[in-house]
S.K.: 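Sharing a structure below in structure tokens format, with a few things to ask.
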Amino acid sequence: MNLAVNATERDLAAAVAEWARALETRIGPAEKAGEIPRDLIAELSELGVLGMTIPEKDGGLGASSLAFALVMEELAAAWPSLAVAVAVSSGIVAGSIVRYGSAEQRARWLPRLTDGRGLGAFALSEPSAGSDAAAIGSTARPDGSGYAIEGRKQFVTNARYAPFAIVFARVGAVDPVRSHAGITAFVVPLDAAGVAIGPAERKLGLRASDTSALVLDGVRVGEDAVLGQVGAGFALALAGLDGGRIGIAAQSVGIARAALARARTYAKQRRQFGRPIAEFDGVRFPLATLASEVDAARMLTLRAAWLRDQGRPFTREAAMAKLYASEMAQRATHTAVQIHGGNGYMGEYAVERYARDGRATTIYEGTSEIQRLVIARSLVAG
Ligand SMILES: Cc1cc2nc3c(=O)[nH]c(=O)nc-3n(C[C@H](O)[C@H](O)[C@H](O)COP(=O)(O)OP(=O)(O)OC[C@H]3O[C@@H](n4cnc5c(N)ncnc54)[C@H](O)[C@@H]3O)c2cc1C
């Protein structure tokens with residue numbers, strides 16, 4: 001396994017890290033306002049981050065999954081809300097259009113993801129279909145030369161910023177034996193007639209990242225809105241989530257790393273019983289354990305990214321990385337709060353935000369339980 005990235009990719013990760021560190025003073029107000037400032041989306045575009053996973057022939061940087069993982073770690077270490085927004089747009093949405101889009105669809109939609117005016121959205125979850133995504137109730141009824149889409153999506157990241165969303169809806173009747181039958185992915189412009197974006201969710205964390213419902217009321221799209229094949233949308237969603245999980249694992253590593261860095265600094269400065277608390281084994285041993293776990297999580301993440309770059313199967317490894325890294329991020333952020341004592345519970349200290357933001361990593365793009373299901377299935381298959 002060769003985990004080296006090329007010089008351009010290394011420079012990009014370093015440039016993103018530097019850019020993101022300089023955002024420090026903007027995070028508080030943006031989290032309070034519950035939005036990512038538009039000028040930052042434009043800056044992400046200029047940096048190349050929004051198109052980094054898109055091949056050069058389609059106007060992107062053609063960066064590897066390894067490089068994307070490194071960039072995600074840096075973004076999340078600085079500002080998890082921004083990292084989530086980018087993970088969805090540059091990861092799962094751009095990746096799905098690149099992989100399944102026709103030449104026309106790539107030419108039409110990829111520039112909309114990279115022009116710095118918006119971020120893509122992926123609308124799979126519904127009020128009654130989360131972990132069991134094949135249970136979606138949204139429908140796409142053939143209508144003239146296209147389809148009319150009806151349904152309600154929930155928890156759609158970036159809905160408010162998105163020029164379009166990849167929307168999953170079922171063509172034809174529910175098949176009780178093959179529940180995913182008929183599920184189809186559509187590229188739906190969010191300014192289309194019949195699309196309504198619900199109010200932004202109030203969340204425990206990731207408050208600057210938009211999470212909203214999407215209501216589709218007879219939204220008329222042409223046949224050219226079908227991404228991939230009619231009826232092949234469930235496989236498309238699962239493939240997108242496989243890759244997306246590497247991004248969430250990298251995000252978890254970044255969150256944990258940043259929270260622990262703050263805990264280490266604090267432990268060296270804070271004095272109790274006449275000495276820095278970092279001198280107590282009860283404080284520094286958890287730091288030692290978690291520093292090891294952060295590195296372990298990063299290695300799992302980069303292994304999954306490397307396998308993907310090699311064109312080899314990576315479903316199990318991505319699930320392992322996501323499971324381990326996201327659960328490690330819970331331990332790390334909570335330990336960072338604990339080491340800060342009462343200050344750790346206060347909004348003035350960033351560890352409070354990392355603990356809230358990191359909580360989502362064991363939930364989205366498949367809960368920990370679903371990762372265990374994916375891993376277990378692959379272990380006992382055949
Ligand atoms: C901040 C945020 C952003 C999101 N962004 C998006 C987005 O952009 N697009 C999108 O489509 N979705 C998005 N989601 C939705 C997310 O993917 C779902 O919340 C997640 O898949 C879990 O589904 P659910 O919430 O319906 O929980 P449920 O599926 O109802 O699960 C509830 C509990 O039951 C457990 N459970 C369920 N089935 C099993 C099983 N078979 N075995 C064991 N345990 C099980 C789960 O692990 C969980 O603990 C987002 C969610 C959040 C929190």
Side-chain angles (χ1 to χ4, degrees), residues 31 34-36 76 79-96 113 118-138 151-162 164-169 179 183 185-188 190 197-216 227 233-234 236-245 247-249 251-252 255 319 322-323 326-327 329-330 353 355-377:
E31 289 284 320
E35 58 188 29
I36 293 167
W79 190 2
S81 288
L82 194 61
V84 179
V86 171
V88 171
S89 186
S90 308
I92 197 162
V93 176
S96 301
L113 293 179
L119 296 163
F122 187 83
L124 177 63
S125 302
E126 298 181 0
S128 302
S131 300
D132 183 9
I136 60 168
S138 294
R152 184 184 174 86
K153 298 293 178 179
Q154 73 170 6
F155 303 157
V156 180
T157 299
N158 295 338
R160 230 154 269 287
Y161 303 100
F164 68 89
I166 299 179
V167 172
F168 295 84
S179 59
I183 294 178
F186 295 89
V187 182
V188 178
L190 294 194
I197 297 171
E201 297 285 352
R202 282 182 55 246
K203 303 195 290 295
L204 174 68
L206 300 172
R207 291 180 180 162
S209 152
D210 176 48
T211 314
S212 299
L214 208 57
V215 180
L216 302 120
L227 189 61
F234 192 65
L236 188 154
L238 292 189
L241 290 169
D242 271 352
R245 283 167 189 161
I248 305 303
Q251 208 181 90
S252 308
I255 291 172
K322 204 257 181 190
L323 172 65
S326 62
E327 299 212 330
Q330 312 310 307
R353 180 170 48 79
R356 288 188 290 103
D357 291 350
R359 189 62 193 84
T361 59
T362 62
I363 297 174
Y364 50 34
E365 304 216 8
T367 62
S368 285
E369 292 71 30
I370 295 305
Q371 306 312 316
R372 288 191 174 88
L373 262 178
V374 170
I375 298 163
R377 260 190 215 131

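Just follow the structure's listing: the first ligand is 1, and inside any ligand the first atom is 1.
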S.K.: For ligand 1, what is the set of protein residues having any non-hydrogen atom at a distance below 4.0 Å?
M.R.: F122, L124, S125, G130, S131, F155, V156, T157, I363, Y364, E365, T367, E369, L373
S.K.: When you measure from the side chain of D210 to the backbone of T157, do you find a donor-acceptor pair of N or O atoms at a distance under 3.5 Å?
M.R.: no
S.K.: Under 4.0 Å between a Lys/Arg side-chain N and an Asp/Glu carboxylate O for E31 and R207?
M.R.: no
S.K.: Assert yes or no for the condition that the ring centre distance of F168 to F122 is strictly below 6.0 Å.
M.R.: yes
S.K.: Any salt bridge linking R372 with E327? Criterion: basic side-chain nitrogen under 4.0 Å from a carboxylate oxygen.
M.R.: yes
S.K.: Short question: side chain of D357, backbone of P80 - any donor-acceptor pair under 3.5 Å?
M.R.: no
S.K.: For Q330 and G358, indicate whether the former's side chain and the latter's backbone hold a donor-acceptor pair under 3.5 Å.
M.R.: yes
